[in-house]
There are 2 protein chains.
Amino acid sequence: MGHKGEALRQRIIVAADLLFYQRGYENTSFSDIAKDVGISRGNFYYHFKTKDEILNAVIDTRVSDIEQMLNEWGKQYPDPRQRIQHYIDILTNNQENIKSHGCPIGSLCSELAKQNHALQQDANKMLTVLRDWLTVQLKELGLGKEARQTAMHLLARSQGIASITNAFEDKTFLQQEVKRLKQWLDEQIQ
Amino acid sequence: MGHKGEALRQRIIVAADLLFYQRGYENTSFSDIAKDVGISRGNFYYHFKTKDEILNAVIDTRVSDIEQMLNEWGKQYPDPRQRIQHYIDILTNNQENIKSHGCPIGSLCSELAKQNHALQQDANKMLTVLRDWLTVQLKELGLGKEARQTAMHLLARSQGIASITNAFEDKTFLQQEVKRLKQWLDEQIQ
DNA sequence: CGAAGTTTAGGGCAACCATCCTATTTACTG
DNA sequence: CAGTAAATAGGATGGTTGCCCTAAACTTCG
């Protein structure tokens with residue numbers, strides 16, 4: 001297989017990723033993606049034989065993007081405290097998108113759960129990667145058995161903030177909640 | 001208009017409500033609802049001319065159900081503290097459904113937001129009714145200007161708990177978080 | 001160059017969906 | 001009981017979707 005096909009494959013994944021986020025998975029058609037990439041449906045089908053296949057590719061990409069980001073933070077920031085703060089800052093850094101489309105992880109998991117989709121478990125990997133990473137960070141900060149539970153709590157808080165920010169289209173709320181969440185974090189790890 | 005039609009109309013709304021919750025709005029067809037009610041599509045169309053129309057009816061029903069519930073609590077429980085605890089208990093009381101289908105309010109708002117649906121604002125009413133009611137309760141408990149912000153925080157926490165419970169299909173997590181949320185509430189209003 | 005493999009385009013198909021339409025049955029009223 | 005209105009059934013329609021198929025164009029390499 002030539003590398004030209006591989007490059008196009010990547011472009012398709014990027015376009016699909018964005019559309020799935022903005023419009024949802026079911027609400028995005030092959031034609032929508034093909035149009036965005038600027039190719040024909042036939043060509044699209046050459047690269048991805050089913051819709052599940054491209055969803056799978058999008059999820060895989062997202063998971064490894066997350067893993068890479070967390071890895072990066074591990075190298076850049078020696079203090080787990082700092083790393084977790086960067087996790088929370090994801091909310092602030094993406095507030096415009098969150099306001100318009102919610103959390104890309106949470107909204108996808110929610111949609112797939114509703115259709116009992118076969119790839120629901122794969123989508124959950126986006127969450128478990130974050131959960132496990134947060135657990136490690138919290139343990140490094142001296143938390144014991146409760147680290148995992150606290151990590152889950154952090155996930156839930158983030159999801160809640162994204163949901164309400166999206167529903168009310170209110171970035172101010174997001175900012176308030178981020179501040180509150182950071183205060184709470186400081187109290188947990190002194 | 002006879003009252004027979006009105007009764008069927010109600011049955012349609014109930015069936016649609018449930019299906020929208022379990023499968024999502026877009027993922028539910030006229031035929032699905034008609035089949036559940038046990039009527040033909042033609043009859044269905046006699047009662048609701050468009051899909052938006054039935055969504056509208058479902059939202060209206062949900063909103064007034066919520067209002068009625070809150071009203072009831074107002075009469076039954078003299079202490080706002082108690083009332084808010086009942087709000088939190090909604091999570092526990094519906095944990096099985098939340099595990100399988102998420103929060104009926106949050107997941108609908110999220111879906112409609114993704115499609116830029118005309119009724120998104122109407123769906124938000126389910127949230128604003130709760131927010132405003134929580135604000136009143138918190139003010140009665142002595143909170144001032146921060147009452148509204150705290151109410152929003154409560155909404156977000158609930159949404160987050162529902163999202164993660166649904167994604168991980170983990171009722172234990174829901175129970176842990178409810179406990180935590182009640183502890184937090186106690187700290188806010190002493 | 002020329003053959004074999006890779007990539008692209010786009011027409012076609014069966015299924016599904018929201019909606020429309022018409023015909024029939026049922027309920028109500030004078 | 002007759003006639004009008006309400007209610008029900010289900011076929012028809014036009015649009016969209018995921019997916020299939022075939023032919024053409026392009027790449028690669030002996």
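Per chain, numbering begins at 1; letters A, B, ... match sequence-line order.
Rounding to whole angstrom units, CD1 of residue B/Ile12 and P of D/dT8 are separated by 8 Å. Separating the CZ atom of A/Arg11 from the P atom of C/dT7 is a distance of 14 Å, rounded to the nearest angstrom. Distance B/Asn27 CG to D/dT16 P: 19 Å, rounded to the nearest Å. As rounded to whole Å, 12 Å separates atom C1' of D/dT16 from atom CD of B/Glu26. The interatomic distance linking B/Asp32 (CG) with C/dT19 (C1') rounds to 16 Å, in whole Å. Atoms CZ (A/Phe44) and P (D/dT17) sit 13 Å apart, rounded to a whole Å. Rounded to whole Å, atom P of D/dG18 lies 8 Å from atom OH of A/Tyr25. Taking atom CD1 on B/Ile33 and atom P on C/dC17, their separation rounds to 11 Å, with Å as the unit.
Backbone-only engagement by A/Thr50 is indicated by non-hydrogen atom pairs under 4.0 Å involving sugar-phosphate atoms exclusively.
Between B/Lys182 and B/Asp89 a salt bridge is recorded (basic side-chain N to carboxylate O distance below 4.0 Å).
Distances shorter than 4.0 Å separate some side-chain N or O of A/His47 from OP1 or OP2 on C/dT8.
Across D/dA9, D/dC19, C/dA18, the shortest atom-to-atom separation from the side chain of A/Arg41 is found for D/dC19. Picking from C/dT8, C/dA18, D/dC19 the nucleotide with the shortest atom distance to the side chain of B/Lys51 gives C/dA18. When each of D/dT8, C/dG10, D/dT17 is scored by its nearest atom to the side-chain atoms of A/Ser40, the top-ranked nucleotide is C/dG10. If you check C/dA18, D/dT8, D/dC19 against the side chain of B/Asn43, the one that comes closest is D/dT8. When distances run from any side-chain atom of B/Ile39 to the nucleotides D/dA9, C/dT7, D/dC19, the shortest one goes to D/dA9. The side chain of B/Tyr46 lies closest to D/dA6, out of D/dA6, C/dA18, D/dG18.
Both B/Gly38 and A/Phe30 lie close to DNA chain D; mapped to their nearest nucleotides by heavy-atom distance, the more 5′-ward contact belongs to B/Gly38.
Taking the six-membered ring where tryptophan is involved, the planes of B/His86 and B/Trp73 are tilted, since the angle between them lies from 30° to 60°.
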Side-chain atoms of residues 28-35 of chain B: list all donor-acceptor pairs with protein atoms under 3.5 Å, sequence neighbours left out, distances to 0.1 Å.
unit_1  : atom_1 : unit_2  : atom_2 : d
B/Thr28 : OG1    : B/Leu19 : O      : 3.4
B/Thr28 : OG1    : B/Gly24 : O      : 2.7
B/Ser29 : OG     : B/Ser31 : N      : 3.4
B/Ser29 : OG     : B/Asp32 : N      : 3.1
B/Ser29 : OG     : B/Asp32 : OD2    : 3.2
B/Asp32 : OD2    : B/Arg23 : NH1    : 3.2
B/Asp32 : OD2    : B/Ser29 : N      : 3.0

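With a 6.0 Å cutoff to the six-membered ring centre and a 45° limit on the axis angle, B/Lys51 counts as a cation-pi contact of B/Tyr25.
Side-chain atoms of B/Ser158 and B/Tyr87 include a donor-acceptor pair closer than 3.5 Å.
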